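Everything below concerns the one structure shown next.
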Amino acid sequence: MQGRLGTVYRGGAGQWTWALHRITGIGVFLFLLAHILDTALVAFGEEAYNRVIAIYTTPVVKLFEIGLAGMVLFHALNGVRITVIDFFPRTARYHKQLSYAVVILFFTLMIPATFFMGRSILKSL
Amino acid sequence: MATSTRAPVHRRPPARDRASSSLELWTWFFMRVSGLLLLFLVLGHFTIMHFLDGGVDRVNFAFVAGRWASPFWQTYDWLMLFLALLHGSNGMRVIVDDYVRRDAARAFAKATLYTTAFVFLLIGSLVILTFDPAAGGASILPGP
């Protein structure tokens with residue numbers, strides 16, 4: 001499909017997982033940089049570290065942590081799918097089923113995680 | 001009558017032959033191996049910090065001091081730092097190669113990326129390896 005954005009092919013599961021893998025990868029990388037800096041505050045003493053790390057216990061940031069869990073989990077499960085197909089090329093025949101397995105596993109783990117982390121938000125309100 | 005045809009299975013040559021250079025083959029392999037290690041390291045880290053006794057509400061200076069008193073958790077956290085930064089910045093390198101088309105802009109983006117990764121690896125390593133709660137945070141910094 002030739003459009004305003006250049007070439008966009010109307011892919012199925014393969015294209016969506018590819019796009020999501022990039023988006024979640026960038027998101028997790030940016031968080032990694034922030035997280036290295038906030039953790040580095042332990043070098044500047046108890047007061048500085050505790051003041052900044054307490055931000056993680058506020059409701060809005062806890063909501064963001066659920067999103068972070070989702071990004072990490074999708075990237076991890078989809079990365080396993082990619083690795084399986086790359087190391088065992090015969091499994092490429094079942095790439096769609098593997099994509100569905102990623103989605104099913106993602107929700108199986110994310111639903112209880114969201115429930116658990118959501119309960120923690122309600123407690124800190 | 002419609003007949004269904006199965007899409008031909010294209011036999012891709014092995015990655016060894018597709019790789020444009022030995023660096024690309026090496027990073028391809030590194031991404032998969034580090035990714036598998038990070039799956040356990042990062043999901044383990046997230047589980048400890050968010051799901052086990054008290055979750056993120058119990059994380060403070062004393063908690064970190066207790067953990068980094070153990071060489072096991074120091075090693076765990078340093079390995080996670082090292083692999084995550086390399087895996088992440090290599091992923092970003094691929095994305096820069098894909099989308100930053102102008103040579104000068106691409107060189108600048110990559111230089112920024114590599115510098116950032118190196119500086120953050122240095123900061124993170126120093127923080128983990130020189131951590132000393134008795135000295136107020138770090139043995140290389142003057143105490144409060």
Side-chain angles (χ1 to χ4, degrees), chain A residues 21-37 39-58 61-62 65-66 68-69 72-73 75-80 82-87 89-90 92-93 109 112-113 116-117 119-120 123-124, chain B residues 9-12 14-15 28-29 31-33 35-36 38-40 42-43 46-47 49-51 54-65 68 77 81 84-85 87-89 91-92 94-95 98 116-117 120-121 123-124 126-128 130-133 135-141 143-144:
Chain A
H21 202 75
R22 292 208 151 177
I23 293 164
T24 55
I26 294 170
V28 173
F29 182 70
L30 293 178
F31 173 74
L32 171 69
L33 298 183
H35 192 39
I36 290 170
L37 290 184
T39 304
L41 288 172
V42 287
F44 296 90
E46 184 156 9
E47 211 244 338
Y49 182 75
N50 286 351
R51 190 167 0 132
V52 170
I53 218 70
I55 294 168
Y56 282 99
T57 65
T58 59
V61 178
K62 277 186 176 176
E65 285 157 26
I66 298 177
L68 177 68
V72 170
L73 187 62
H75 198 85
L77 294 173
N78 191 53
V80 171
I82 294 168
T83 306
V84 165
I85 293 176
D86 274 2
F87 284 171
R90 291 158 72 95
R93 200 180 278 275
L109 293 167
F116 193 89
M117 293 173 81
R119 210 175 47 177
S120 165
K123 271 191 280 185
S124 60
Chain B
V9 176
H10 295 286
R11 299 252 173 255
R12 296 214 301 171
W28 171 85
F29 185 68
M31 288 307 261
R32 276 133 193 88
V33 173
L36 281 177
L38 282 166
L39 183 139
F40 294 103
V42 173
L43 293 182
F46 204 92
T47 302
M49 296 303 166
H50 292 269
F51 296 107
V56 78
D57 293 307
R58 73 175 181 329
V59 177
N60 58 26
F61 187 86
F63 177 80
V64 177
W68 284 352
D77 285 353
L81 168 83
L85 268 176
H87 186 102
S89 47
M92 293 299 290
V94 173
I95 290 172
D98 273 1
T116 307
F120 276 68
L121 181 61
I123 294 172
L126 282 173
V127 167
I128 295 172
T130 69
F131 182 66
D132 180 6
S139 53
I140 51 161
L141 286 172

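As the structure is a computational prediction, the values presented were derived from the model and not from experiment.
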Which of B/Leu38, B/Ile123, B/Val64 touches chain A most, by non-hydrogen pairs under 4.5 Å: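 Among the listed options, the one with the most contacts to chain A is B/Val64.
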
Using a cut-off of under 4.5 Å on heavy-atom pairs, state which of [options] scores highest against chain B.
{"options": "A/Leu77, A/Leu73, A/Ile26", "result": "A/Ile26"}
{"options": "A/Ala69, A/Ser120, A/Ala54, A/Ala48", "result": "A/Ala69"}
{"options": "A/Leu33, A/Val80, A/Val72", "result": "A/Leu33"}

Which bit of [X] is near chain B, if near means a heavy-atom gap under 4.5 Å: side chain, backbone, both or neither?
{"X": "A/Glu65", "value": "both"}
{"X": "A/Tyr56", "value": "both"}
{"X": "A/Lys123", "value": "neither"}

Counting only heavy atoms closer than 4.5 Å, note whether [X] contacts chain A via side chain, backbone, both or neither.
{"X": "B/Thr116", "answer": "side chain"}
{"X": "B/Leu85", "answer": "both"}
{"X": "B/Val42", "answer": "side chain"}
{"X": "B/Phe40", "answer": "neither"}
{"X": "B/Val56", "answer": "both"}
{"X": "B/Phe51", "answer": "both"}

Minimum heavy-atom distance B/Val127-A/Thr39, with the two atoms named: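 Taking B/Val127 first and A/Thr39 second, the nearest heavy atoms are CG1-O, 4.1 Å.
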
Please name the pair of heavy atoms, one in B/Pro133 and one in B/Phe131, separated by the smallest distance, quoted to 0.1 Å. CD-CE2, 3.6 Å

Applying ring-ring contact (aromatic ring centres under 6.0 Å, His included), name anything that partners B/Phe46, two or more places apart in sequence or on another chain.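 Applying ring-ring contact (aromatic ring centres under 6.0 Å, His included) to B/Phe46 gives B/His50.
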
Can you sort out the partners of A/His75 under ring-ring contact (aromatic ring centres under 6.0 Å, His included), two or more places apart, ordered by chain and number? A/His21

Atom CZ in A/Phe31, atom CD1 in A/Ile36: separation rounded to 0.5 Å? 10.0 Å

Is there a donor-acceptor pair under 3.5 Å between the side chain of B/Arg58 and the backbone N or O of B/Gly55?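 Checking the backbone N and O of B/Gly55 against the side chain of B/Arg58, a donor-acceptor pair under 3.5 Å is found.
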
Looking at the rings of B/Trp28 and A/Phe87, which for Trp means the six-membered one, are their centres under 6.0 Å apart?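 When the ring centroids of B/Trp28 and A/Phe87 are compared, they turn out to be within the sub-6.0 Å range.
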
A side-chain contact here means heavy atoms from C-beta on lying under 4.5 Å apart; do A/Arg22 and B/Asp98 qualify? yes

Between A/Leu68 and A/Met117, is any pair of side-chain heavy atoms under 4.5 Å apart?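 Result no, sub-4.5 Å side-chain heavy-atom pair not found.
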
